[in-house]
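This report concerns only the one structure given below.
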Amino acid sequence: MAVLAINGGKKVRDKPFPAYNTIDKAEEEAVLRVLRSGKLSTYLGTWHDDFYGGVEVQSFEREWESFFGVKHAISVNSATSGLYASVGALGLGVGDEVIVSSYTMSASATAALVYGATPVFADIDEDSFTLDVKSIESKITPKTKAIIVVDIFGGVYDVESLDTLAKKYNLKIIEDCAQAPGVKYKNRYLGTFGDIGVFSLNYHKHIHSGEGGVVVTDDDSLAHKLRLIRNHAEAVINAKGYESVDELKNMVGFNYRMTEIECAIAKEQLKKLPQLIKERIKNVDYLEAHLKEIPFLSMPKRMGEHAFYVHPIRFDESKAGVSRESFVKALKAELPRTLLRDESDVLISYGYVKPLYLQPLYQEKIAFSFNDLSDQDYSLGICPVTEKMHFKELITHELMRPGMSQDNLDDVIEAFIKVSKNLDELR
Ligand SMILES: *Cc1c(COP(=O)(O)O)cnc(C)c1O
C-alpha cells in the first residue's frame with residue numbers, strides 16, 4: 001500500500017509544474033515598438049486632446065470595446081482603481097449603502113468606503129459562490145444605492161434575477177469581472193450586464209500587463225466621469241468649464257492612467273484571451289472527469305460558461321471522515337510548486353480569502369473619519385454560506401492553468417486519488 005508523502009512516503013511528483021506564462025515574442029515586439037518611439041505616456045491632466053492618453057492607450061481601448069461589444073472601454077492602472085472610479089462616477093457617497101459580496105478580493109468592498117459609502121455584505125449562493133439574490137434583497141434599506149456583484153472564480157452570477165431586483169429597487173450594478181474576462185452568458189460577455197463592468201490586468205489574472213485594468217460602460221455620461229476621475233478631474237473641469245454644480249460631485253481626480261507600454265502589451269494579451277479560456281475549460285473538464293469519482297468531492301455547478309480563474313471544489317467532511325485541512329495538507333505534500341511563482345507553495349488553498357467583514361477594518365469599524373460604520377453588523381455569522389464555504393468546504397486550486405500538459409494533469413489526478421484512497425493514514 002502506498003504511504004502518503006505527508007507520512008514519509010514518496011511524492012506523486014517532485015518536479016515543479018510549468019509556469020503559467022502568456023508573454024512571448026508578440027509582447028516583446030510591442031514593447032520595443034513603444035520604447036523606440038520614446039513616448040512612454042502622453043497623458044495630460046488638463047482639458048486637451050492628450051487628456052485621453054496616447055496612441056497605445058486609445059487603440060487598446062477601441063480594441064477592448066469591439067471585443068466586448070461595449071460603447072466605452074476606459075483603461076486604468078488596476079481593477080482596484082477601476083472599482084473606485086466606478087463608485088465615484090455613480091455619484092455615491094456618505095449616507096449611501098452599497099451591497100457587496102462577502103467572498104471576494106478586498107477591493108470589491110473598499111470601493112464603497114473610499115467615497116464614504118457603507119459596504120453592506122450579502123451572502124453567496126453555495127452553487128455559484130456569487131451573490132445570492134435573496135440575501136441581497138434582505139439587506140436592502142432606503143439607503144441602498146448600488147450592488148457590486150463579482151463573477152467570482154470566473155463563474156456567472158444570477159444575471160436575470162439581479163437585473164430584476166435592481167430594477168425593482170432602482171439600484172445601480174457594478175460588475176467586478178476581474179476573474180471572468182472573456183466569458184459569455186447567453187451570447188453576451190460578462191462585465192457588460194451591469195451599469196459598469198470592471199476588469200483586471202494584473203499579473204495573476206488570465207491576461208495581464210503586469211498591472212492594469214479596464215472599466216466598461218454603455219453610458220456616455222458615466223464614461224465621461226470615469227475618464228475625469230482617472231485623470232485629475234478637478235484640474236480638467238477647471239480648464240473645460242462646467243454647466244451646473246451637480247457635475248462636480250465626486251470629481252476629485254486621481255492618476256489611474258496606464259502607460260503606453262502596458263497598453264501595447266495588453267493589446268497582444270487580449271488577442272490570446274479566447275484561446276486561454278478554452279484551454280482552462282479543457283483542463284478542468286479533464287480533471288473533473290476523474291475527480292468527480294471521488295465520493296466526498298463535488299465539482300462546481302456551471303451556470304453558463306466559466307473562466308476558471310481558480311477551480312473551486314467542495315469537500316464533504318462527513319463523507320470523508322477527515323477534515324478538509326488534513327486532506328489538503330496531505331494533497332499538497334504529494335505535489336510540487338509551480339514555476340514562476342517561486343515564493344508560492346503548491347497552488348492549492350483552503351477556501352479562498354477570509355470573508356471580508358472579518359477583516360480588522362470592519363471588525364474595528366474604522367476606515368476614514370467620515371465613514372460611519374457604527375450601525376452595520378459585521379459580526380461572525382452574518383453570511384453563513386460564505387463562512388461554511390471558507391472555513392469548512394471549499395478547496396480552490398490553480399493546477400488547471402494553460403501550460404499544464406496532460407501528464408501534469410495526470411499527476412494532479414493521481415495525487416487526489418492517492419490521498420483519497422489512503423484517508424485511513426490521516427485518521
Ligand atoms: C484581482 C481582483 C481585483 C483587483 O484587481 P487589481 O487589478 O489587482 O486591482 C478586484 N476584484 C477581484 C474579484 C479580483 O480578483
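These numbers come from the heavy atoms of this one structure, side chains and all, not from hydrogens, waters or symmetry mates. In listed order, ligands and their atoms are each counted from 1.
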Stepwise side-chain contact (heavy atoms from CB on, under 4.5 Å) test for Met400 and Glu279:
CA-CA 9 Å; Met400 70 305 148; Glu279 284 174 41; over 6 Å; no

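- For atom 1 (C) of ligand 1, the nearest protein heavy atom (residue, atom name, distance) is Lys205 NZ, 1.5 Å.
- Of all the heavy atoms in Trp64 and Val70, the pair that sits closest is O-CG2, 4.5 Å.
- Considering only non-hydrogen protein atoms, atom 11 (N) of ligand 1 sits nearest to Asp176 OD2, 2.7 Å.
- Nearest protein heavy-atom neighbour of atom 3 (C) of ligand 1: Met105 SD, 3.5 Å.
- Of the N and O atoms on the side chains of His206 and Tyr309, not one donor lies less than 3.5 Å from an acceptor on the other residue.
- The distance from ligand 1 to the heavy atoms of Ser200 drops below 4.0 Å at these ligand atoms: 5 (O), 6 (P), 7 (O).
- At least one heavy atom of Gly212 lies less than 4.0 angstrom from ligand 1.
- The single protein non-hydrogen atom nearest to atom 15 (O) of ligand 1 is Gln179 NE2, 2.8 Å, given as residue, atom name and distance.
- Scanning Thr104, Val76, Ile152, Thr80 for the heavy atom closest to atom 9 (O) of ligand 1 points to Thr80.
- Near Val150, meaning under 4.0 Å from one of its heavy atoms, ligand 1 places the atoms 13 (C).
- The protein heavy atom nearest to atom 8 (O) of ligand 1 is Asn202 ND2, 2.7 Å.
- Ring centroids of Phe129 and Tyr103 are separated by 6.0 Å or more, keeping the two rings apart.
- Contacts between Ala79 and ligand 1 below 4.0 angstrom, taking non-hydrogen atoms only, involve backbone and side chain alike.
- Partner Glu56 forms a salt bridge (Lys or Arg N to Asp or Glu O under 4.0 Å) with one of Lys267, Arg62, Lys39 and no other, that one being Lys267.
- In terms of heavy-atom proximity, Ala122 sits nearest to Ile99 at CB-CG2, 3.7 Å.
- At least one side-chain heavy atom of Leu380 sits less than 4.5 Å from a side-chain heavy atom of Glu387.
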